[in-house]
Every structure is written in structure tokens, then in C-alpha cells.
Amino acid sequence: MPNQTIVALLYDFDKTLCTQDMQNYAFIPSLGLAPGDFWKLANDFGRKEKMDSVLAYMYTMLREAEKRNLPLTRQGLNHCGRSISFFPGVTDWFRRINRFGELLGVQVEHYVISSGLREIIEGSAIAGEFKEIYASEFFYDESGTPTWPRLAVNFTAKTQFVYRINKGVLDVSDDRTLNDSMPDDSKRVPFSNMIYLGDGLSDVPCMKMMRAYGGQAIAVYQAVNKSGVEQLLRQGRVDFIYPADYREGAELEITVKNIIRKMAVSQQLYEENVSQLRAIR
């Protein structure tokens with residue numbers, strides 16, 4: 001009996017599933033700042049200190065909250081996730097895609113790979129749809145105060161998590177197993193069974209992996225970043241581009257379903273070939 005085919009959909013989060021940076025909805029307003037002012041503070045600080053941009057924004061969150069005597073806790077950040085606004089169709093997208101996979105005998109899994117904050121994503125309406133959420137995260141001391149980054153996911157670091165999904169080594173503390181040699185036919189989710197959805201240049205490393213190893217890369221856009229996404233398509237960095245519309249029957253859904261159908265057929269043909277080879281040995 002052949003193993004069930006697994007197809008993994010990997011998502012950036014900010015401006016891919018939700019309409020803007022996740023901190024903009026509730027956290028930054030709680031500081032009394034406009035989003036543009038907060039991100040300028042974070043980016044200026046990062047450039048001045050020659051610091052990774054993700055670590056710079058995490059530090060700026062801590063610093064600005066402390067300046068205002070604003071308690072910063074995991075629970076409070078989870079609460080910020082409730083304010084996230086998603087693109088049309090996102091909240092029932094997962095159910096529809098999972099059902100389509102089931103009809104084809106395919107197990108569909110969803111993963112987030114984001115430079116945003118895990119704590120905020122975990123408080124969102126769609127957090128339960130993901131097999132794993134890879135995102136930046138704080139470490140909290142005994143009093144529940146964030147004191148250090150537990151994980152910082154910058155743009156190039158995102159590719160690490162694609163390898164983890166490929167091998168089925170999902171625990172970020174398990175580097176040894178991740179780096180062990182593993183035959184391609186024993187990897188849990190082949191690259192050729194992956195679809196990456198992102199919105200721009202920050203996703204290019206993962207998109208290039210998809211195109212190099214047989215997966216598919218899709219960029220979604222709003223009016224404000226349409227020209228940048230079109231440039232990615234012209235440069236051959238992405239396979240498809242679509243408006244960020246996840247509703248039933250939209251172009252994005254049609255293409256994703258076609259890709260999953262192709263992956264299911266490819267797996268069936270591969271298994272048939274293996275079966276015939278075994279039969280004649």
C-alpha cells in the first residue's frame with residue numbers, strides 16, 4: 001500500500017495572508033505611534049547599530065513598550081492577533097484546499113514561515129490551520145517578561161525551515177537530525193510537492209528554492225506592490241502572480257488546485273514505476 005501523498009503549502013504571513021504588517025493592527029497603535037513612525041525607528045536603529053532588521057524591530061518593540069510602561073506579555077501579543085484583517089477568502093481557504101486534497105487522496109499541510117511574531121500569529125483566527133508556525137519569537141522569563149529573542153527569522157533564514165519541512169524535522173532545536181544525510185526518497189515532503197506563497201523580495205530565497213528543486217512559487221499582490229511582483233515574474237523568480245484573493249473560484253485557488261492535481265498525478269506515476277521495477281527484479 002503506497003504512502004499517502006503529502007503536499008505542503010508554505011506561506012509568508014504579512015501582506016500574503018493579512019493585509020499589512022501584523023504589528024500595525026494593534027501593537028503599534030497601543031504605543032500611540034503610527035506604523036510608519038515605528039518602522040522608521042526600528043529601521044534607523046538597525047542601520048545605526050548594523051543589526052539584523054528582525055532583531056532591530058524586536059528590540060524596538062521592547063524598548064518602546066518599556067518607555068511607555070506598557071506591559072509586554074505573550075498573552076498581550078496573542079490578543080493583538082485578534083485584530084488582524086485577512087484578505088478575502090483566507091479564513092475558509094484552508095478548509096476548501098484540504099477538502100480538495102482529500103478528494104484526490106492527498107494530505108495537504110499548511111505552514112507559516114514568517115519574519116513576523118509567532119505570538120501574534122498564534123492569537124489570530126487562522127492559527128489552528130497550520131501544522132507548524134515558524135516565525136520570530138521572544139523568550140520569556142519566570143515573570144512572563146520577554147527578555148531575549150527565542151527565534152529571529154530573517155529573509156534568508158526562512159530557507160532553513162523549508163529544509164525542515166522537507167525532512168520532517170520540525171523541532172527548531174534539533175539541528176543534528178536536520179543536518180544528517182537522508183536519501184531523497186525517504187524525505188517526508190519532497191520539494192516537488194511544495195507550494196510557496198509570498199508577496200515580494202523578502203520571499204525570493206524561498207521562491208528560488210522552489211524553482212530550483214521542482215516546487216512551485218506564487219506571489220500575491222495588492223495594488224501597491226503589483227509592479228514589484230510583476231518584476232519578479234519577468235525575472236523568472238516566481239512561477240505565477242495573482243491578486244491576493246483567496247475566495248472560492250478566484251484565479252489563485254484555481255491554479256493552486258491545478259498544481260495539487262499535478263502533484264498527485266506525478267506521485268501516482270512515480271509509485272507505478274517503482275512498483276513495476278520491483279515486480280521484474
Side-chain angles (χ1 to χ4, degrees), residues 7-29 35-36 78-104 106 108-118 120-135 158 194-204 206-207 210 215-233 237-261 263:
V7 169
L9 274 70
L10 321 179
Y11 307 84
D12 179 39
F13 200 87
D14 295 344
K15 292 172 276 191
T16 295
L17 295 172
C18 63
T19 58
Q20 56 182 317
D21 292 323
M22 64 184 70
Q23 295 88 346
N24 294 3
Y25 296 101
F27 173 75
I28 294 174
N78 287 163
H79 186 77
C80 289
R82 299 180 187 177
S83 301
I84 290 176
S85 177
F86 295 101
F87 287 118
V90 165
T91 54
D92 64 345
W93 162 266
F94 307 95
R95 174 187 57 78
R96 284 184 277 114
I97 297 301
N98 292 345
R99 177 57 182 157
F100 180 76
E102 289 171 4
L103 294 174
L104 296 176
V106 169
V108 179
E109 297 177 350
H110 306 271
Y111 297 83
V112 167
I113 305 178
S114 170
S115 295
L117 277 184
R118 180 185 179 105
I120 296 179
I121 297 171
E122 287 179 333
S124 74
I126 61 173
E129 304 290 353
F130 303 107
K131 184 173 179 65
E132 186 57 81
I133 296 170
Y134 293 116
K158 285 184 174 186
M194 293 184 181
I195 307 170
Y196 185 91
L197 288 90
D199 68 282
L201 286 174
S202 66
D203 301 297
V204 165
C206 290
M207 290 174 170
M210 293 297 102
Q216 299 283 306
I218 299 174
V220 299
Y221 61 83
Q222 305 176 70
V224 68
N225 71 318
K226 183 179 180 181
S227 62
V229 166
E230 289 174 338
Q231 182 71 0
L232 294 180
L233 184 64
R237 293 180 166 193
V238 66
D239 295 299
F240 305 99
I241 62 171
Y242 292 110
D245 182 352
Y246 293 78
R247 287 175 291 190
E248 186 170 9
E251 294 174 295
L252 176 60
E253 185 193 64
I254 291 169
T255 294
V256 168
K257 285 183 174 180
N258 283 336
I259 293 170
I260 293 172
R261 186 183 291 110
M263 290 174 173

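Atoms considered below: every heavy atom in the structure, side chains included; atoms not considered: hydrogens, waters and symmetry mates.
- A heavy-atom distance below 4.5 Å is found between the side chains of Asp203 and Lys158.
- Under the 30°/60° scheme for interplanar angles, the aromatic rings of Tyr246 and Phe87 are found to lie parallel.
- Considering only heavy atoms from C-beta on, Met22 stays 4.5 Å or farther from Ser124 through its side chain.
- Residues Pro243 and Glu251 share a closest heavy-atom pair of CD-OE1, 3.9 Å.
- Taken to the nearest 0.5 Å, the CD atom of Glu248 stands 10.0 Å off from the CD1 atom of Ile254.
- A pairwise comparison of heavy atoms in Asp12 and Asp199 identifies OD2-OD1, 2.7 Å as the closest pair.
- Closest approach of Gly89 to Asp92, counting heavy atoms only: O-OD1, 2.9 Å.
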query = When you look at Phe13 and Ile84, which way does the side chain to side chain contact (heavy atoms under 4.5 Å, CB included) test go after all the steps?
reply = CA-CA 11 Å; Phe13 200 87; Ile84 290 176; 3.9 Å; yes

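- The closest donor-acceptor contact from the side chain of Asp239 to the backbone of Ile218 lies at 3.5 Å or more, if one exists at all.
- Contact between Thr16 and Leu197 at its shortest, heavy atoms only, is CG2-O, 3.5 Å.
- Partners of Glu102 by salt bridge (charged side-chain N to carboxylate O under 4.0 Å, His left out), not counting sequence neighbours, listed by chain and number: Arg99.
- Between the Asp245 side chain and the Arg247 main chain, a donor and an acceptor come within less than 3.5 Å of each other.
- Using modelled atom types, no side-chain atom of Arg96 and backbone atom of Glu253 make a donor-acceptor pair closer than 3.5 Å.
- In this structure, Met207 and Tyr196 approach most closely via the heavy-atom pair CG-CD2, 3.9 Å.
- Annotation: side chain of Ile241 is not in contact with side chain of Leu232 (no heavy-atom distance under 4.5 Å).
- In this structure, the side chains of Val256 and Phe100 stay at 4.5 Å or more apart for every pair of heavy atoms.
- For the side chain to side chain contact (heavy atoms under 4.5 Å, CB included) criterion with Met263, the lone passing option out of Asn258, Val106, Ile195 is Ile195.
- For the pair Leu252/Trp93, a side-chain contact is recorded, criterion being any heavy-atom separation below 4.5 Å from C-beta on.
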inquiry  = Set out, in order, the CA-CA distance, both residues' side-chain angles and the distance that settles salt bridge (Lys or Arg N to Asp or Glu O under 4.0 Å) for Glu132 and Arg118, then state yes or no.
reply    = CA-CA 10 Å; Glu132 186 57 81; Arg118 180 185 179 105; 3.2 Å; yes

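- Taking CG of Leu9 as the reference point, atom CD1 of Ile97 lies at 7.0 Å (rounded to 0.5 Å).
- Arg95 and Asn98 form no side-chain donor-acceptor contact under 3.5 Å, judged by distance and modelled atom types alone.
- The side-chain heavy atoms of Glu129 and Thr91, taken from C-beta on, include no pair separated by under 4.5 Å.
- Side-chain contact between Tyr25 and Thr19 is present, with at least one heavy-atom pair separated by less than 4.5 Å.
- Residues passing the salt bridge (charged side-chain N to carboxylate O under 4.0 Å, His left out) test with Glu109, sequence neighbours excluded: Arg188.
- Listed here is the closest heavy atom pair of Met210 and Gln216: CG-O, 3.6 Å.
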ask   = Checking side chain to side chain contact (heavy atoms under 4.5 Å, CB included) for the pair Ser114/Ile121: CA distance, chi angles, key distance, verdict?
value = CA-CA 9 Å; Ser114 170; Ile121 297 171; 4.2 Å; yes

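- Ser85 contributes atom OG, which lies 12.0 Å from atom CG of Asn24 (distance to the nearest 0.5 angstrom).
- Relative ring orientation between His110 and Tyr11 is described as parallel, the plane-to-plane angle staying below 30° on a 0-90° scale split at 30° and 60°.
- Using cut-offs of 30° and 60° on the angle between ring planes, the pair Tyr134 and Tyr111 is parallel.
- A distance of 7.5 Å separates CD1 in Ile120 from CZ in Phe27, rounded to the nearest 0.5 Å.
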inquiry  = Go through it in stages, so that I can follow the logic: the residues are Asn225 and Gln222, the test is side chain to side chain contact (heavy atoms under 4.5 Å, CB included), and I'd like the CA-CA distance, side-chain angles, deciding distance and then a yes or no.
reply    = CA-CA 6 Å; Asn225 71 318; Gln222 305 176 70; 3.8 Å; yes

